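Following: one structure in structure tokens, then a few remarks.
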Amino acid sequence: MEDRRLLERERHQIEQILQLDNEELQVEEVDSLPHSDDDRDAINGHGGTEAFAEFTFNSSLTSLHTYLGEVEDSHHRMAFLDGGAILNLPVFYLEGVVLFPEATLPLRVIQSNFIAAIERVLTHFNTPNTIGVVHVSLDSDNERLHFANIGTTAEIRQFRRLEDGSLNVLARGKQRFRLRRRWIDVEGVPCGEVQIIQEDLPLRTPRDAFGELTPRSTVQHHSLSCALASYTSCSRSFTSGDEEDNSASISEESFARELSLRERKIHQAAIDSRESCSDEVITGAEAKHQRAMSHLNDSDSVGSVHSVHEKENGKSVPDIGKSSTSAWESSERKELKRCRRNSSFTLMHGVSKAFWPYWVYSMYDSYCLAEKAAAMWKQIVGVPNMDGFVKNPDILAFYIASKIPVSESTRQELLEIDGISYRLRREIELLKSIDIIQCKSCKTVIAQRSDMLVMSSDGPLSAYVNPHGYVHEIMTLYRANGLALRGRAETEYSWFPGYAWTISICATCETQLGWLFTATNRNLKPRSFWGIRSSQLADPTC
């Protein structure tokens, strides 16, 4: 039943595409900002499809990559590999593209050696439908290729064999790996030995790290009368001491289990330093106690201490004469020693479960960071809804990294970061700094961040492949400045059904920055938008 619904949905989408392609081509001439005042009023400050009062384009069509033609599904799926696993894979070295787990990668495979690589993995039993993808860049100083050390495995989900022998492929990123070595085999296929990277689990502040903790000031200003707890109350504490000790040890163990090995070492060092500090405080209290006891030479003095204790505790204390002073002193000394762990001084030691303030823990709590990053992303982009991602910080971190409008070198940096919390923290820094979008070559301001537009259900930045096999990651903008058009509008092989594309260059340095897409029928909105290559974007200033 579900398969039938999917087939009907795909059939409906194909009919929509055919209807758009059959419409009469009506490309408007464009100067610098090809938008009417009505279109400008229809957009809010955040961009995205929800910003339009009348957004008629079906963004889900873009994510299907219909320009590749009809494709068939691959039949085998490869299970997730354990961290540390080593395997040999055909490796695709792509310039201008950084593939992340869960991101879509379209490929147009033309060269015979790469065709052989795809055919091999389609029938390979051990690593079915799996290739490695590594970012490669040209070093501007010596004009040599630089191969990244960290890449991503890609699983071929769909493919199509064309009459000329070439292949159209849709793949999806799966797991990060470390490239150990690379070579070219006898068939000319680039291969590599890769080691799967073990991903960490999202960090969460332990639930019992923040309980009812006495403020430090309370401990520092504690009076002697509180230190001299009553024999009765201390006796009750003593009888339940073993039970509380067990509870505290269990709580401490559960806290320690939540920490990584490195965090555990830091935490233990903090505990050791705090123990010496708390011992000094308690020793000082005992000294005060001894000085007080030295003045208790008569029954009146003893009675005065008991009077104070009676007022504070609301309990009567039997009269004690001079002869019983030493016995009372010895008893109090023992009880003070026994009650250390239950006194406010001991709570200072108990703070070991939350040595750092809460805001320090939240700086590395993956779920807190995910909420913050998702809120910032929604503020900048507008769509899609990020609520589902917040519960999966690892997926959210990879999603933002694959869609954030920064240069390919910065996205490669994000790919290489080990640790969900560290990746999210870096992304939050970048999101804070994104204000303007500039040409990488001449730093001409192209657009503002509010000009970002979501034309694909995959997000504001996605990968597309041209007929010659070159993969571009482009960011879509509602409007842009400082661009000039070159050539005429074309509809063939358009990445956005119903839109014609025209090459656009930077008017200052004449670098090709991307394309202008214009609607081919009057009912399609937005009427036009820009696609800018991420490889030609300057990094934001952090």
Side-chain angles (χ1 to χ4, degrees), residues 16-17 19-63 65-67 381-383 405 436-437 439 444-462 464 466 472-507 511-534 536-537:
Q16 284 184 304
I17 295 167
Q19 182 180 357
L20 291 172
D21 291 338
N22 290 332
E23 291 282 350
E24 181 182 357
L25 178 64
Q26 296 176 349
V27 180
E28 299 177 354
E29 296 207 1
V30 181
D31 293 328
S32 58
L33 291 176
H35 309 293
S36 66
D37 293 335
D38 292 339
D39 284 337
R40 289 191 180 94
D41 294 338
I43 212 169
N44 65 15
H46 304 316
T49 57
E50 292 181 350
F52 285 96
E54 297 180 7
F55 189 95
T56 60
F57 179 71
N58 185 357
S59 59
S60 63
L61 297 177
T62 308
S63 59
H65 297 271
T66 55
Y67 57 90
V381 181
V383 291
I436 57 175
I437 297 168
C439 171
T444 296
V445 176
I446 302 170
Q448 306 293 323
R449 77 176 189 181
S450 58
D451 296 322
M452 292 175 61
L453 173 68
V454 178
M455 289 295 292
S456 169
S457 58
D458 287 337
L461 190 147
S462 299
Y464 305 91
N466 67 13
H472 296 280
E473 286 185 323
I474 70 168
M475 175 180 60
T476 47
L477 301 171
Y478 179 66
R479 51 176 166 255
N481 299 303
L483 301 181
L485 301 181
R486 175 174 291 174
R488 41 185 281 183
E490 302 285 348
T491 57
E492 184 180 3
Y493 219 79
S494 177
W495 299 328
F496 301 90
Y499 286 86
W501 53 270
T502 308
I503 294 174
S504 63
I505 63 174
C506 176
T511 301
Q512 183 190 348
L513 293 182
W515 301 265
L516 171 68
F517 293 89
T518 50
T520 59
N521 68 80
R522 295 186 182 276
N523 297 324
L524 199 58
K525 290 187 178 182
R527 297 294 301 150
S528 61
F529 63 93
W530 301 84
I532 306 299
R533 298 162 60 197
S534 65
Q536 299 304 317
L537 297 178

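Since this is a predicted model, take the numbers as computed values, not measurements. Residue numbers run from 1 in the order of the sequence given.
Under the side chain to side chain contact (heavy atoms under 4.5 Å, CB included) rule, Leu453 has a single partner from Pro526, Ser59, Pro460, which is Pro526. Between Phe496 and the choices Phe529, Trp501, Trp530, the ring-ring contact (aromatic ring centres under 6.0 Å, His included) rule is met once, by Phe529.
Annotation: side-chain hydrogen bond (donor to acceptor under 3.5 Å, both in side chains) contacts of Thr56 (sequence neighbours excluded): none. Remark: Ser494 engages no residue in a side-chain hydrogen bond (donor to acceptor under 3.5 Å, both in side chains) (not counting sequence neighbours). The side-chain hydrogen bond (donor to acceptor under 3.5 Å, both in side chains) search around Tyr67 returns His65, not counting sequence neighbours. With sequence neighbours excluded, the residues satisfying side chain to side chain contact (heavy atoms under 4.5 Å, CB included) with Gln512 are Ile503, Ile505, Trp515, Arg533.
Here CG of Leu477 is found 5.0 Å from CD1 of Ile437. Values are rounded to the nearest 0.5 Å. The distance from atom CG of Leu516 to atom OG of Ser504, rounded to the nearest 0.5 Å, is 7.0 Å. Rounded to the nearest 0.5 angstrom, Ser528 OG and Arg479 CZ are separated by 11.0 Å. If you take CD1 on Ile532 and CG on Leu483, they are separated by 5.0 Å, rounding to the nearest 0.5 Å. Atom CG of residue Leu513 and atom OG1 of residue Thr444 lie 8.5 Å apart, to the nearest 0.5 angstrom. Atom CZ of Arg527 and atom OH of Tyr478 lie 11.0 Å apart (nearest 0.5 Å).
Side-chain contact between Ile474 and Ser534: absent, with no pair of heavy atoms (C-beta onward) separated by less than 4.5 Å. Contact of the Thr511 side chain with the Gln536 side chain is registered, since non-hydrogen atoms from C-beta on lie closer than 4.5 Å. Looking at Thr62 and Ser457, their side chains never come closer than 4.5 Å, going by heavy atoms from C-beta outward.
The aromatic ring centres of Tyr464 and Tyr493 sit 6.0 Å or more apart.
Closest heavy-atom contact between Leu537 and Met475: CD1-CE, 3.9 Å. When all heavy atoms of Asp458 and Ser63 are compared, the closest pair comes out as OD2-CB, 3.5 Å.
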* Asked: Would Ile436 and Arg449 satisfy side-chain contact (heavy atoms from CB on, under 4.5 Å), going step by step from the backbone distance to the final call?
  -> CA-CA 6 Å; Ile436 57 175; Arg449 77 176 189 181; over 6 Å; no

* For the pair Leu524 and Tyr499, evaluate side-chain contact (heavy atoms from CB on, under 4.5 Å) and give the outcome as yes or no after the intermediate values. => CA-CA 9 Å; Leu524 199 58; Tyr499 286 86; 3.3 Å; yes

* Candidate pair Met455 and Phe517, rule side-chain contact (heavy atoms from CB on, under 4.5 Å), full reasoning -> CA-CA 11 Å; Met455 289 295 292; Phe517 293 89; over 6 Å; no

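Judged by distance alone, with hydrogens and angles left aside, the side-chain atoms of Thr520 form no donor-acceptor pair with the main-chain N or O of Ala500 at under 3.5 Å.
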